[in-house]
Asker: 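Here it is, the structure, as structure tokens.
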Amino acid sequence: MTKRPRGVLLTLLLVWAVVYPVSLVMLDSVHGRAGWTLQHLQAFVREPTEWIALWNSVWIAVASVVLAGIVGVPLGFLFERLRFPGRRILGALVALPAVLPPLVGVIAFLFLYGESGFVPRAIVTVFRLDESPWRLQGAGAVLLVHAYSMYVYFYLFTRAGLAKIDSSMIEAAHSLGCGTLATFRRVTLPLLRPQLAAAALLTFMTALGSFSAPYIYNFRTMSVQIVTTKLFGNMQMAVVETTALAVVALAGLMLLKGRAGARSVVALGKGTAPSARTLSQPVARWGAAVLGWVFGIVLLLPHLTLVVMSLVPLGTWTTQLVPPSYTLANFGALLTEPERLRPLVNSLWMAAAATLGALATALWAGRLVVQRRASLRSAIETLVSVPWAVPGTVLAIALATAFSVNAPWVGRWVFLGTALILPLAYLVRNIPIAAGSVLAGFRQLDPSLDEAAASLGASRWRTLRLVTIPLLRPAILAGGALAFATALGDFVTSIVLYTFETRPISIEILAALRAFDVGTAAAYGVVLMLISAGAMVVGTRR
Amino acid sequence: MAEPFLQLSNLTKRFGEHVAVEGLTLSVPRASVLALLGPSGSGKTTTLRLLAGFDKPDRGTVTVDGQDVTAQSPAARRFGMVFQHYALFPHLTVGENVAFGLARRGTAEERRRRVEGMLSLVDLEGFADRQVSELSGGQQQRVAVARALAPEPRVLLLDEPLSNLDPSLRERTRRELRAALEKVGITTVLVTHEQEEAFALGDRVAVLRDGRLQQVGTAPDLYERPETLFVARFVGRASVLRGVMTADNRARLEGGVEWAVETGDRVAAGTPVAVVVRPEAVRFAETGVAGTVVGCRYVGARALFAVDVASGTVEVEASVRAAHVGDVVHVAAERALAFAEEAE
């Protein structure tokens, strides 16, 4: 048998699809028509608005981490450690923000808290004001949406971390004379550190790359700046901006990852976590319950708003507190008018293709990563997670740069402007999502199952089909569902790369919003929300 | 000896710097059982994986019935394997597990009958539709055996076949396994670190140490005529005393007493030796090596006494009233073996 190193082909493919485009953009930022030049960099550095945009990106990301932590961590403790009326139902509601794709969440907030949204209208009516008490704009609006959608990371990681803490450690601290607060500060919190660091990293990277909220609420972060510059046709400047954002993302990743890894805590033994405590005082019990329910309603309001708005006929809601008439016509139009159906069909097939591609890549990577002999396994593990650290706008500009040139001998083809570019972008963004789930599944497989199949005469394909894939099914479904929902709701890469023929749902929502056709925008949003929710249900079912 | 059916020639496998198996040559006659015995890290599991084809040797060959299978994939070489933790497919039923290796072989009806036949061989008739998770450890082990035997492999490989079972189940399972192997008449290689298991299941036993073959033979061969000090100590109970050869077949122990000893090769007078005695081959006597009884452990109706003597500690098997802790006694050997020190 030849000793050909395994995984070369997959490594090359991943480098080509992920690393290569980003590297080309970075090279382009110091390369003009006349050869190497620092001219564009200098232009960037001299422009104050560029620095403001970069600074806005960073501080919004940091503030989002703080806000999401403030909301998510206490909630995690509340639901993991205390028992109160309604805990079960509310525990399910907490994941609600996850079924709102970024753009859909942003417009739902607009309909709810925006100048002519439900809440300001109610306030205006009750207090007899002349105009809306606030405008949903700028940094505050962005942070509101970020806190709403990103607290989930802190909430889930806190719960997972608490569930892993051995109750005997808490008991040991108590028996050594620590009070409740001291135990929390000196034992529980340090043990939660790795989880909190992971949640912070995830939030930071998501917020740094966030595009929908700052774009719609008119707040100039670097992501928005890049897209605006590109839409104005200044590709050269867009490339420099992209490079700047990529560098910031990379620096943030290394900084936070270094901090998280510096003092990772290894739990010894396999104890059981303390079970939830029932609050004994009625006041505390009902206090927790009321707090929980108010929170639950706040979580649910954007979804309800979206549904209500999708039922409003075009141009009928003007000054009334609530819309005067309701109809299903907006949904009817989506299905019957070919030009409105097209974005739906586009999004569905492109997301499906990208998800299948990402799953195939993840399975391929998983097989190689668990093999002892694959020499490139750590390279592959890194490569499949890299797209996660690349902000959406950066990836979009990178793909637009790399695949607008026909030079097959250096691996470049003209995909820009074709139906291939968006599925490719979705696929690259889906790889870390699918791989995260599938690789974890592979690691839990007993490697001797594979060997057992081989010793019983099964070929590699037969083993994959009859043993590996059936055993990985929960992981494949979970990763696939999440990937599909993400691709379906994508806005940030779509706005850079779409063509009119292949425009996805998010682009059509934006168009409807610009035409003040809020009913249609909301109807698309509801469809996206329902498909995402369906995918989540499929993905979490065992 | 019958014509070797399975032949391992000069097998060598390194993992980086670590030598797992070195120059291993072994032959197994058709329909006989060879047990690979050794402590952990001795290379026995690596040898089994080389036989199965999961790992490729750096040097050496494996031949079956005169055919070189060294380069063949595990799927192609038709060796059945029973894994230490069984590796039953958790998403398939018992019957589907057993039928896994019968893909596209014969009609569905023939496959079904083959599965039933295999299950009855391991005493699990009627279990075909059960879920694997419903079975006890012993039943899972038997399903693993049935699954490995179903495609009629040329060689059966067993990796620590009984190590996952409760001690109370082991003896029975061992008897049943032995009976099944005899009934099928399959050439078998099994790996174990328990000598009792090796002797009960194997027609012959190969003792491995640090990847090298120490000795291969039947139980009496290894027990009565160990070729190395390692085998003498590893197989059965043995006490080791320090001494020096004084003449052919005589050694003087530290402390002065001379014993008659057997040596494999001739060991020159003056060579330091390790003198090995079995507990049942020494006895309390009027004269002999003087020592103090320091321990006593009951073994059935007899007892093992630990006696400190000048050249080490010797274990003596005797009736329970033969001595008491603290007694000063003399020990004589009926049979002793000597190994030159550098053999260690």
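In the text below, chain A, chain B and the rest are named by the order of the sequence lines, each starting its count at 1.
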Asker: Rounded to the nearest 0.5 Å, what separation is found between the OH atom of B/Tyr86 and the OG atom of A/Ser448?
Answerer: 12.0 Å
Asker: Mark yes or no for whether B/His85, through its side chain, and A/Asp446, through its backbone, hold a donor-acceptor pair below 3.5 Å.
Answerer: no
Asker: Looking at A/Pro447, A/Ala453, A/Ser459, which one has more heavy-atom pairs under 4.5 Å with chain B than the rest?
Answerer: A/Ala453
Asker: Would you find more than 12 non-hydrogen atoms of other residues, nucleotides or ligands less than 6.0 Å from B/Arg212 atom CZ?
Answerer: no
Asker: For the candidates B/Ser73, B/Pro151, B/Pro90, B/Ala148, which exhibits the highest count of non-hydrogen atom pairs separated by less than 4.5 Å from chain A?
Answerer: B/Pro90
Asker: Compare every heavy atom of A/Leu449 with every heavy atom of B/Ala87, then report the nearest pair and how far apart it is.
Answerer: O-CD2, 3.2 Å
Asker: Once you round to the nearest 0.5 Å, how far does OG of A/Ser455 lie from CG of B/Leu156?
Answerer: 9.5 Å
Asker: How long is the span from the CG atom in A/Leu456 to the CZ atom in B/Phe89, to the nearest 0.5 Å?
Answerer: 6.0 Å
Asker: Counting only heavy atoms closer than 4.5 Å, note whether B/Ala144 contacts chain A via side chain, backbone, both or neither.
Answerer: neither
Asker: Grab the two heavy atoms, one from A/Leu466 and one from B/Phe100, that are nearest each other, plus how far apart they are.
Answerer: CB-CE1, 3.9 Å
Asker: To the nearest 0.5 Å, how far apart are CD in A/Glu451 and CG in B/Asp55?
Answerer: 7.5 Å
Asker: Does the side chain of A/Pro470 come within less than 4.5 Å of B/Leu92's, by heavy atoms?
Answerer: no
Asker: Looking only at heavy atoms, which two atoms of A/Ala454 and B/Phe54 are closest? And how far apart?
Answerer: CB-CE2, 4.5 Å
Asker: Taking atom NE2 of B/His91 and atom CZ of A/Arg473, what is their separation to the nearest 0.5 Å?
Answerer: 9.5 Å
Asker: So which part of B/Leu102 gets closer than 4.5 Å to some heavy atom of chain A, the side chain, the backbone, both or neither?
Answerer: neither
Asker: Counting only non-hydrogen atoms closer than 4.5 Å, does B/Arg77 touch chain A with its backbone (N, CA, C, O), its side chain (CB onward), both, or neither?
Answerer: neither
